[in-house]
Amino acid sequence: MSTRVQQPKAPPVGTAAAATLVLVVLVALALRPPFTAVAPLLEQIQLDLGVSNTFGGVLTTLPVVCLGAFAFVAPKLRQRFGDEKVLVGCLLVLLVGDSLRALGSIWTLLAGTVVAGAGIAVANVALPGLIKRDFPHKVPMITAVYTMCLTLGGAIAASVVVPIGAALASAWRAPLGLLALPVLLALVISLFALRRSSGAPPLPSSGGRLWNNPLAWQVTVFMGVQSAMAYVTFGWLPTMLQSRGMDPELAGLALGIQAAVQAVGSMSVPVLCHRLRDQRLIAVVLTVLLMLGFTGILVGPTAALWPAVVGLGLAQGAGFGLALTLFGLRSPDSDTTTALSGMAQGGGYLIAAAGPLLIGLLHEVTGGWIAPLVLLLACSAAWLWMGLLAGRPVQVPSVIGDETPR
């Protein structure tokens with residue numbers, strides 16, 4: 001069963017809350033570039049390493065699998081080390097992963113992707129719990145800041161990797177290697193933020209009870225379908241646009257613009273959540289935008305390409321922000337938020353991993369984009385169904401102690 005929304009305790013103020021916000025922003029800026037930077041460079045990577053389209057599919061899908069697989073260990077790490085130390089550790093792991101990918105061989109590229117994906121997966125799960133802990137009355141607003149930083153970091157990376165590669169006469173190794181520099185900066189600054197943070201220890205909890213809760217599963221599938229469509233966009237948007245006649249550099253720029261527009265979409269979530277009693281109407285509006293965006297990009301007139309890219313970016317940014325916001329809104333406390341985040345992101349990203357592979361398979365088998373479009377529209381409809389269920393103003397039971405649903 002689910003419980004009615006409870007009023008949280010007042011959040012901390014002063015330097016502890018400010019340090020938490022700094023940590024959230026710095027970690028968020030570092031999490032998307034390892035994923036969004038690959039798609040614009042994928043053709044160069046394949047040519048340079050002499051690998052097939054199948055390898056390209058593995059390279060774009062492997063990070064999503066890592067996000068799902070490693071998300072399940074995040075709540076246990078949080079129980080042992082606390083939120084802040086886990087996040088700083090994630091930055092260190094991400095730094096190692098980015099550095100490995102720049103070494104340039106097939107195996108270091110794959111190994112670096114796995115290592116980076118592990119760090120990102122754990123950080124993804126830990127951050128919503130940290131936000132719920134220190135900002136329980138401002139979950140939508142702080143989550144919006146988090147998602148905005150995520151999308152901005154991804155947008156900047158997608159837009160600059162191709163020009164940087166051309167300027168440095170390095171097709172892909174140098175651009176991927178330079179992604180380690182902002183992570184290193186974030187790591188250094190985060191160490192200072194860690195000293196000022198509240199560092200409140202998590203309470204003993206049992207997240208296993210969520211696996212029998214229907215609402216927790218609805219949030220999980222909602223997250224998974226949203227992520228599947230997002231990673232289809234990250235991995236295939238440049239290819240889709242090139243098939244419509246756009247040159248590769250402009251297609252990479254379009255991916256960057258689409259990611260930047262997502263930041264605007266993510267900022268709409270707190271405004272809408274503040275005005276509406278639940279989130280079901282938001283899911284309906286965003287589903288319409290998703291369907292129009294994919295349709296315009298794949299089969300619409302050429303003049304509709306850029307409006308479709310922008311509309312899709314707005315919808316996916318808001319949808320991602322909504323999915324993350326639900327972790328806090330559907331949970332009565334920060335420990336439950338982390339447990340729900342671990343379940344939803346672990347299961348959700350494993351669902352999402354099938355998205356890019358299925359789209360690539362359908363495109364290769366049919367030689368066109370009609371079948372992939374049908375699949376994307378079906379995913380949009382499934383996402384709406386889950387949104388209508390997960391958007392209700394109810395909460396999952398607490399995972400702390402022996403609390404039972406009320």
Side-chain angles (χ1 to χ4, degrees), residues 32 35-36 39 64 140 143-144 146-155 158 219 221-238 240-241 244 254-276 278-300 304-326 329 344 348-349 351-352 355-356 359 369 372-391:
R32 277 282 182 87
F35 295 158
T36 60
V64 192
T143 302
Y146 166 44
T147 56
M148 180 189 70
C149 293
L150 276 175
T151 52
L152 282 178
V219 173
V221 178
F222 184 80
M223 178 69 188
V225 178
Q226 178 275 326
S227 299
M229 293 187 289
Y231 282 98
V232 165
T233 302
F234 290 150
W236 288 100
L237 181 62
M240 292 174 179
L241 293 174
R244 301 298 308 280
L255 179 61
I257 292 174
Q258 197 266 358
V261 172
Q262 287 189 29
V264 179
S266 68
M267 291 302 292
S268 67
V269 170
V271 177
L272 295 173
C273 289
H274 178 72
R275 293 178 178 274
L276 299 174
D278 58 41
Q279 293 74 48
R280 286 174 285 187
L281 180 59
I282 302 175
V284 172
V285 174
L286 295 182
T287 299
V288 173
L289 288 176
L290 285 172
M291 290 181 168
L292 291 175
F294 283 123
T295 302
I297 289 170
L298 291 175
V299 298
L305 284 178
W306 285 105
V309 167
V310 172
L312 184 63
L314 286 171
Q316 291 189 322
F320 180 59
L322 177 59
L324 295 186
T325 303
L326 287 179
L329 294 180
Y349 282 123
I351 294 172
I359 292 299
W369 291 108
L373 175 60
V374 171
L375 177 59
L376 289 169
L377 294 178
C379 288
S380 300
W383 189 68
L384 173 60
W385 181 25
M386 289 298 102
L388 294 176
L389 295 172

Atom pair CG (L384) and SG (C379), whose distance is rounded to the nearest 0.5 Å: 13.0 Å
Value rounded to 0.5 Å, distance of CD1 in I282 from OG1 in T287: 11.5 Å
Minimum heavy-atom distance A352-G224, with the two atoms named: CB-O, 3.7 Å
Interatomic distance, M229 atom CE to L376 atom CG [nearest 0.5 angstrom]: 8.0 Å
Spacing of CZ belonging to F294 relative to CG belonging to L375, to within rounding of 0.5 Å: 10.0 Å
Minimum side-chain heavy-atom gap Q226-L324 below 4.5 Å: no
Validation row: W236, P356 side chains within 4.5 angstrom (heavy atoms): yes
Any donor-acceptor pair under 3.5 Å from R32 side chain to L152 backbone: no
Point-to-point distance, once rounded to the nearest 0.5 Å, from CG of L389 to CH2 of W385: 7.0 Å
Nearest heavy-atom neighbours spanning A318 and L286: CB-CD2, 3.6 Å
Non-hydrogen atoms of A344 and V219 that approach each other most closely: CB-CG1, 4.2 Å
Check: L312 and L290 side chains under 4.5 Å, non-hydrogen atoms: yes
W369 side chain to V299 backbone, donor-acceptor under 3.5 Å: no
Within 6.0 Å of CH2 in W306, more than 12 heavy atoms from elsewhere: yes
Test item: S268 side-chain N/O and G265 main-chain N/O as donor-acceptor pair under 3.5 Å: yes
Check: L329 and Q279 side chains under 4.5 Å, non-hydrogen atoms: yes
T233 side, atom OG1; I297 side, atom CD1 - distance, nearest 0.5 Å: 7.0 Å
V309 versus A254, closest heavy-atom pair with distance: CG1-O, 3.8 Å
Closest non-hydrogen atom pair between Y349 and V64, with its separation: O-CG1, 3.3 Å
Side chain to side chain, R280 and V284, heavy atoms closer than 4.5 Å: no
Nearest heavy-atom neighbours spanning M223 and A323: SD-CB, 3.7 Å
Plane angle bin for W383 and F222 - parallel if under 30°, tilted between 30 and 60°, otherwise perpendicular: parallel
T325 side chain near T147 side chain, heavy-atom distance below 4.5 Å: no
Residue pair Q258, Q316: steps toward the side chain to side chain contact (heavy atoms under 4.5 Å, CB included) verdict: CA-CA 9 Å; Q258 197 266 358; Q316 291 189 322; 2.9 Å; yes
